[in-house]
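Numbered from 1 within each chain, the chains take letters A, B, ... in sequence-line order.
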Number of protein chains: 2
Amino acid sequence: MTPERLSEVNQPMTEKMIPDIVVGRLPLYLRSLRQMAAEGRQVTSSQELGERLGISAAQIRKDLSQFGEFGKQGTGYHIKFLEEKLQEILHVNRDWDIAIVGAGDIGSAVARYKGFSHQGFCVAMIFDNDPKKVGTEVGDFIVKDAANMVEEIRAAGIQVAMITVPASEAQGVANKLVEAGVRAILNYAPVNLSVPSGVRVQYIDPVIHLQRMTYYLE
Amino acid sequence: MTPERLSEVNQPMTEKMIPDIVVGRLPLYLRSLRQMAAEGRQVTSSQELGERLGISAAQIRKDLSQFGEFGKQGTGYHIKFLEEKLQEILHVNRDWDIAIVGAGDIGSAVARYKGFSHQGFCVAMIFDNDPKKVGTEVGDFIVKDAANMVEEIRAAGIQVAMITVPASEAQGVANKLVEAGVRAILNYAPVNLSVPSGVRVQYIDPVIHLQRMTYYLE
DNA sequence: TAGATTGTTAATCGATTAACAATC
DNA sequence: TAGATTGTTAATCGATTAACAATC
């Protein structure tokens with residue numbers, strides 16, 4: 001084994017593997033910190049944050065400690081500072097352009113949604129394959145023809161997309177998005193998508209959420 | 001201790017406590033079974049179901065075994081039969097009326113969504129507090145005045161609601177819904193809600209889902 | 001200083017997986 | 001029968017919690 005090879009092997013892993021379940025809680029911490037900042041607060045504690053979110057203080061400290069030391073003993077966490085650190089960790093200290101595919105009710109509502117700004121996202125374009133919709137206005141956008149989707153998304157370097165088409169078309173759209181270089185898909189269609197490893201998918205399906213609750217009703 | 005009291009204590013728990021994480025997977029199983037049925041399939045296995053969902057076959061069998069024995073050795077599961085059983089377990093072998101609060105873009109899109117029927121849900125009414133919206137049409141509904149929300153929801157016996165108002169108003173709406181007898185809330189507003197125990201809340205916030213994915217992007 | 005709260009370790013708890021007898 | 005797949009048990013794995021020294 002050459003010295004070079006050896007040193008490669010001995011190199012510490014560039015990033016410690018963080019459990020997905022921990023990553024999943026960080027956006028909730030970030031959102032609560034934003035709310036506190038909006039209330040004019042300067043400092044918080046793992047206990048207070050935990051109470052707001054229904055999460056134990058120990059878990060919050062453990063989660064944060066995976067990424068560094070952000071607090072002060074006896075004092076807690078400086079809200080603005082922790083907010084910035086979480087933004088860096090989640091890579092939302094920049095804006096990600098988003099392509100929306102499907103200009104129906106849901107797609108249009110999301111395209112007009114004001115909640116993305118200052119959260120790391122910016123809707124950049126919306127597509128549909130219905131000739132009656134292509135060219136029409138949706139919020140600040142003109143609906144583009146889905147036929148040119150792959151080239152346009154690739155040319156714009158867009159890596160984040162939302163699928164708001166009927167279930168039957170969702171997998172086909174996902175395939176095109178992957179082809180176009182998209183690596184994160186938020187899927188509003190009620191189907192599981194199959195994508196290559198390296199591409200992330202998250203699902204929003206109100207029926208699934210509702211059925212999780214009716215189990216507890218009579 | 002009286003005999004009555006004793007027998008109460010000795011009574012077996014009417015229902016074995018099922019972990020919430022297991023309940024959360026059942027709607028996914030149900031959705032996949034529906035898709036298979038729509039493809040004309042009769043029978044499936046824990047292995048096939050697992051492959052579709054990215055869940056291990058062992059876990060699916062374990063989850064289902066919490067509720068009974070629904071399969072046959074050597075054969076697998078009869079799709080229609082298991083579908084019906086899951087519907088019973090999740091209490092979606094009936095339709096739950098839903099009240100939507102907030103007739104903005106998201107609320108209107110959800111009110112027009114066709115995906116609830118035959119899944120256990122039926123949108124019954126939509127409210128807003130904006131005089132310009134009250135009385136207007138949204139899908140098949142006339143927007144009702146939020147001022148009468150508590151009485152109308154209570155009178156209709158509605159137990160399931162969706163919140164699609166701005167974040168600043170969501171907690172206030174939640175309080176009213178609880179007052180009206182609602183026990184399951186799907187919240188589209190980007191805030192954590194505080195509700196009495198016995199009331200279930202699920203959250204849909206695209207920003208949270210997106211931030212869970214950007215962590216893995218560069 | 002006294003009080004508060006962090007970051008971290010070890011203990012606990014719970015969820016997932018592997019394996020296999022039962023049996024269709 | 002031989003092959004397949006269930007339901008279930010025990011083993012493994014991972015996540016949460018409790019506790020506390022460090023220290024602001």
Side-chain angles (χ1 to χ4, degrees), chain A residues 12-13 15-30 32-33 36 41-86 89 212 215, chain B residues 13 15-30 32-33 36 41-86 88-89 212 215:
Chain A
M13 297 242 288
E15 264 182 73
K16 161 171 33 99
M17 190 54 169
I18 307 289
D20 198 60
I21 199 163
V22 172
V23 174
R25 281 189 292 259
L26 300 185
L28 301 174
Y29 300 162
L30 179 54
S32 285
L33 290 166
M36 290 179 188
R41 306 277 314 286
Q42 305 287 320
V43 168
T44 186
S45 65
S46 58
Q47 184 169 33
E48 187 192 34
L49 210 41
E51 276 163 18
R52 288 219 186 195
L53 290 165
I55 291 176
S56 80
Q59 179 156 88
I60 289 174
R61 293 201 302 277
K62 187 102 201 289
D63 286 352
L64 295 177
S65 74
Q66 306 254 23
F67 302 95
E69 307 192 355
F70 305 122
K72 270 203 185 61
Q73 285 104 320
T75 310
Y77 301 92
H78 185 79
I79 290 169
K80 268 289 163 196
F81 176 77
L82 185 54
E83 186 185 324
E84 267 167 40
K85 287 298 168 190
L86 285 175
I89 292 164
R212 281 181 185 180
Y215 171 80
Chain B
M13 296 241 287
E15 264 184 72
K16 161 171 33 97
M17 191 55 169
I18 307 289
D20 198 61
I21 199 163
V22 172
V23 174
R25 282 190 292 261
L26 301 184
L28 302 173
Y29 301 161
L30 179 54
S32 285
L33 290 165
M36 291 177 185
R41 307 277 313 287
Q42 304 288 319
V43 168
T44 188
S45 65
S46 58
Q47 184 168 34
E48 186 193 33
L49 209 42
E51 277 163 17
R52 289 216 184 196
L53 289 167
I55 291 176
S56 80
Q59 180 156 86
I60 289 173
R61 293 201 301 279
K62 187 103 201 289
D63 285 353
L64 295 177
S65 75
Q66 305 253 24
F67 302 95
E69 306 193 356
F70 305 122
K72 270 204 185 60
Q73 286 104 322
T75 310
Y77 301 91
H78 186 79
I79 290 169
K80 267 288 163 196
F81 176 76
L82 184 53
E83 187 185 325
E84 267 167 42
K85 287 298 169 189
L86 286 175
E88 285 170 24
I89 292 165
R212 279 180 186 180
Y215 171 80

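The separation between A/D63 atom CG and D/dG14 atom C1' is 14 Å, rounded to whole Å. Look at CD1 on B/I18: it is 14 Å from P on C/dG14, rounded to the nearest Å. In this structure, B/M17 atom CE and C/dC13 atom P are separated by 16 Å, rounded to whole Å. Rounded to whole Å, the distance from CG on A/D20 to C1' on D/dG14 is 13 Å. Rounded to a whole Å, the CG atom of A/L49 is 12 Å from the P atom of C/dG7. Between the CZ atom of A/F67 and the P atom of C/dT8 there is a distance of 13 Å, rounded to whole Å. Following rounding to the nearest Å, B/Q59 (CD) and D/dG7 (P) show an atom-to-atom distance of 15 Å. Rounded to an integer number of Å, the gap from CD of A/E69 to C1' of C/dT8 is 10 Å.
Rounding to the nearest 0.5 Å places CD of B/E48 at 10.5 Å from CG of B/L53. A distance of 10.5 Å separates CG of B/L86 from OG of B/S32, quoted to the nearest 0.5 Å. Here the CD1-CE distance, from A/I79 to A/M36, works out to 6.0 Å after rounding to the nearest 0.5 Å.
Residues A/K62 and A/T75 both approach DNA chain C. Their nearest nucleotides, taken by heavy-atom distance, put A/T75 toward the 5′ side. Position along DNA chain D of the nearest nucleotide to B/Q47 versus B/S65 favours B/Q47 as the more 5'-ward residue.
Between C/dT16 and B/R25, a contact under 4.0 Å exists linking OP1 or OP2 to a side-chain N or O. Side-chain N/O atoms of A/R61 include none lying less than 4.0 angstrom from OP1 or OP2 on C/dG7. At C/dT17, one or more side-chain N or O atoms of B/S56 fall inside 4.0 Å of OP1 or OP2 (strictly under the cut-off). Taking 4.0 angstrom as the limit, B/Y77 places a side-chain polar atom (N or O) nearer than this to OP1 or OP2 of D/dG7. The phosphate of C/dA22 has neither OP1 nor OP2 within less than 4.0 Å of any side-chain N or O from B/Q73.
Nearest nucleotide to the side chain of B/I21, out of D/dT6, D/dG7, C/dA15: C/dA15.
Nucleotide C/dA19 forms a pair with D/dT8, judged by Watson-Crick or G-U wobble geometry with both contacts under 3.5 Å. Within the shown strands, D/dG3 is the pairing partner of C/dC24 under the Watson-Crick or G-U definition, both distances less than 3.5 Å.
Side chains of A/F67 and A/V22 form a contact here, defined as non-hydrogen atoms less than 4.5 Å apart.
Shortest non-hydrogen contact noted between A/I89 and B/Y215 is O-CD1, 3.4 Å.
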